[in-house]
There are 2 protein chains.
Amino acid sequence: MGVERAAAGTSAGRKQQQRSILTQQKLLDAAIAAFSTNGFMGTSTRDIAERARVHHPLITYHFKNKGELWRAAANRIFREFNISLVKAMAEVPEIDPKARAEAFIRTYVKHSFGHPALHKIILQESSYPSDRLDWLVATHLKPLYAMVSGHLVKLQELGIAPPGNPALLYNMIRVSAGGLLALGLEVKGTSNINFDDQAQRDELAEMIIRTFLPGNLPAQH
Amino acid sequence: MGVERAAAGTSAGRKQQQRSILTQQKLLDAAIAAFSTNGFMGTSTRDIAERARVHHPLITYHFKNKGELWRAAANRIFREFNISLVKAMAEVPEIDPKARAEAFIRTYVKHSFGHPALHKIILQESSYPSDRLDWLVATHLKPLYAMVSGHLVKLQELGIAPPGNPALLYNMIRVSAGGLLALGLEVKGTSNINFDDQAQRDELAEMIIRTFLPGNLPAQH
DNA sequence: CGTATTTAGTCCAGATTGGAAGGATTAGGC
DNA sequence: GCCTAATCCTTCCAATCTGGACTAAATACG
């Protein structure tokens with residue numbers, strides 16, 4: 001997994017050099033930044049190379065072409081997100097569904113701010129049909145929803161989350177965190193909110209929890 | 001107001017011809033469609049002209065340049081939205097704040113689906129700083145928020161809307177409607193939701209109301 | 001030290017860009 | 001029904017950018 005060199009299949013030869021994986025990292029960082037602000041079509045390989053301070057034909061060398069680079073970038077974004085998620089969820093007791101949901105939301109919000117590309121890429125690709133969107137949905141988005149869906153329904157049954165179509169609810173929560181982030185610049189201009197401020201980020205997380213998980217766990221006995 | 005011909009200032013001459021305003025309309029429609037899916041930079045004037053089935057130099061003639069065309073498009077989007085809003089609010093009794101808020105949300109959702117560009121344009125422009133974003137915020141977004149803000153605080157005081165920073169709440173509501181719409185293609189792929197279905201749109205509106213306006217009006221006496 | 005891997009440097013053929021210029025056409029006012 | 005301003009069509013351009021191919025130099029690994 002991870003970053004794979006796309007050059008000729010020389011699996012028997014020497015091992016990958018250090019500087020190679022370094023430039024790959026630089027290219028991925030740059031690609032994520034560029035793609036998430038300008039979209040796939042709006043980004044040129046030259047722009048990416050420039051951001052990475054690397055000569056642009058190296059993209060071809062390391063990633064075969066622009067499309068593969070995009071996919072590698074998306075993979076990294078979601079891999080990192082999944083790691084965050086797994087780590088956070090491991091710290092919460094299995095038996096308390098509300099606490100788990102809260103931890104999920106806090107992690108989601110926190111990670112989103114640290115890695116805005118997570119949402120921006122999705123938004124960019126959602127604006128028109130493409131193979132990339134199909135791939136994104138099939139590879140990353142659908143599995144994520146599948147993982148969360150069951151828990152969400154359970155929260156609704158317990159009266160913790162508001163009733164209604166769970167898919168709608170899931171997406172409302174998602175955009176409340178990620179969509180707001182994507183609108184960061186606009187929100188900053190329109191109201192007095194500035195998500196550079198850690199306190200305001202925390203406030204958003206708590207607000208989402210308060211709004212979407214208003215109920216309490218029924219008393220045990 | 002409205003569409004203004006940007007050609008040489010011949011205010012004393014004849015009046016605007018019918019076919020002129022027709023092509024302007026066609027260009028505006030096409031511009032809105034193009035800009036909202038591909039963003040300002042990702043859209044070429046030729047693309048717009050092609051969609052409008054009009055020769056591309058006519059853009060220069062009617063709107064001076066690409067930037068002015070974008071502004072005219074944005075103006076039309078928001079003008080139409082405001083008209084929808086005013087019309088809907090006129091039908092709700094002034095004294096019932098919850099009913100007014102519900103009507104606002106229903107109108108917002110309904111209009112968003114009929115005119116997806118309203119949100120897509122904002123999202124497109126929010127992804128990086130630009131004069132266009134500044135203009136959008138100052139001209140349309142900030143006034144809208146200023147109009148709503150007071151009412152929202154009142155709803156919170158009445159216990160109808162959840163407590164917390166009203167600006168955050170406002171934006172959460174906004175993206176729950178518009179952001180979901182912008183993600184339409186993705187949501188369709190990920191879950192079983194299809195916003196082409198009127199019933200699912202209504203369900204979204206009701207869900208937003210249920211979630212963001214959970215409280216009831218205190219009994220009068 | 002040799003060799004496979006990685007990088008630098010060049011080049012390309014084509015497409016696209018926003019916009020200018022000038023002649024043809026149409027419609028509105030008289 | 002004409003005359004003229006308003007509108008439209010056609011053509012052109014110069015600049016820039018596109019993704020990617022190709023070769024030679026440089027570098028690090030074994």
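A note on names: the letters A, B, ... follow the listed sequences, proteins ahead of strands, and every chain is numbered from 1. Computation of the quantities below employed the complete heavy-atom set of this structure, encompassing side-chain atoms and omitting hydrogens, waters and symmetry-equivalent molecules.
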Exercise for review: Considering only NZ, NE, NH1 and NH2 on the basic side and carboxylate oxygens on the acidic side, decide whether B:Lys188 and B:Asp196 come within less than 4.0 Å.
Suggested key: yes
Closest to the [X] side chain: [options]?
X: A:Thr60; options: D:dG19, D:dA21, C:dA20; result: D:dA21
X: A:Leu58; options: D:dG19, D:dC8, C:dT7; result: C:dT7
X: B:Tyr61; options: D:dT18, C:dG18, D:dC8; result: D:dC8
X: B:Pro57; options: C:dT7, D:dC12, D:dT10; result: D:dT10
X: B:Asn65; options: D:dT7, D:dT27, C:dG19; result: C:dG19
X: B:His56; options: D:dC12, D:dA28, D:dC8; result: D:dC12

Point to revise | N or O in side chain of B:Thr23 less than 4.0 angstrom from D:dC8 OP1/OP2 | key: yes
Check your understanding: Closer than 4.0 Å, any side-chain N/O of A:Ser44 to the OP1 or OP2 of D:dC17?
Key -> no
Check your understanding: Contact class for B:His55 vs. all strands (heavy atom < 4.0 Å): base, sugar-phosphate, or nothing?
Key -> base
Study note, to complete from the structure: From CD1 of B:Ile48 across to P of C:dT16 the rounded distance in Å is 16 Å
**Study point:** Nearest-angstrom distance from the residue atom CZ of B:Phe63 to P of C:dG19
**Key:** 14 Å
Practice item. Please report the shortest heavy-atom distance between B:Leu27 and B:Ile48, naming the atom on each side. Key: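 Closest approach of B:Leu27 to B:Ile48: O-CG2, 3.9 Å.
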Study note, to complete from the structure: Between B:Ala138 and B:Lys142 the two heavy atoms that sit nearest each other are O-CB, 4.5 Å
Point to revise | Proximity of B:His119 and B:Phe81 rings by center, below 6.0 Å | key: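 Centroid distance B:His119-B:Phe81: not below 6.0 Å, so no.
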Review point. Quick check, are the ring centers of B:Tyr128 and B:Phe40 under 6.0 angstrom apart?
Key: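 Judged by ring-centre distance (under 6.0 Å), B:Tyr128 and B:Phe40 do not meet the cut-off.
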Check your understanding: Taking five pairs at each end of the helix from C:dC1-D:dG30 to C:dC30-D:dG1, what angle separates the two helix axes (nearest 10°)?
Key ->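 Axis angle across the helix from C:dC1-D:dG30 to C:dC30-D:dG1, nearest 10°: 30°.
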Exercise for review: Carefully, step by step, assess B:Leu168 and A:Leu180 under the rule side chain to side chain contact (heavy atoms under 4.5 Å, CB included).
Suggested key: CA-CA 9 Å; B:Leu168 277 181; A:Leu180 237 62; 4.0 Å; yes
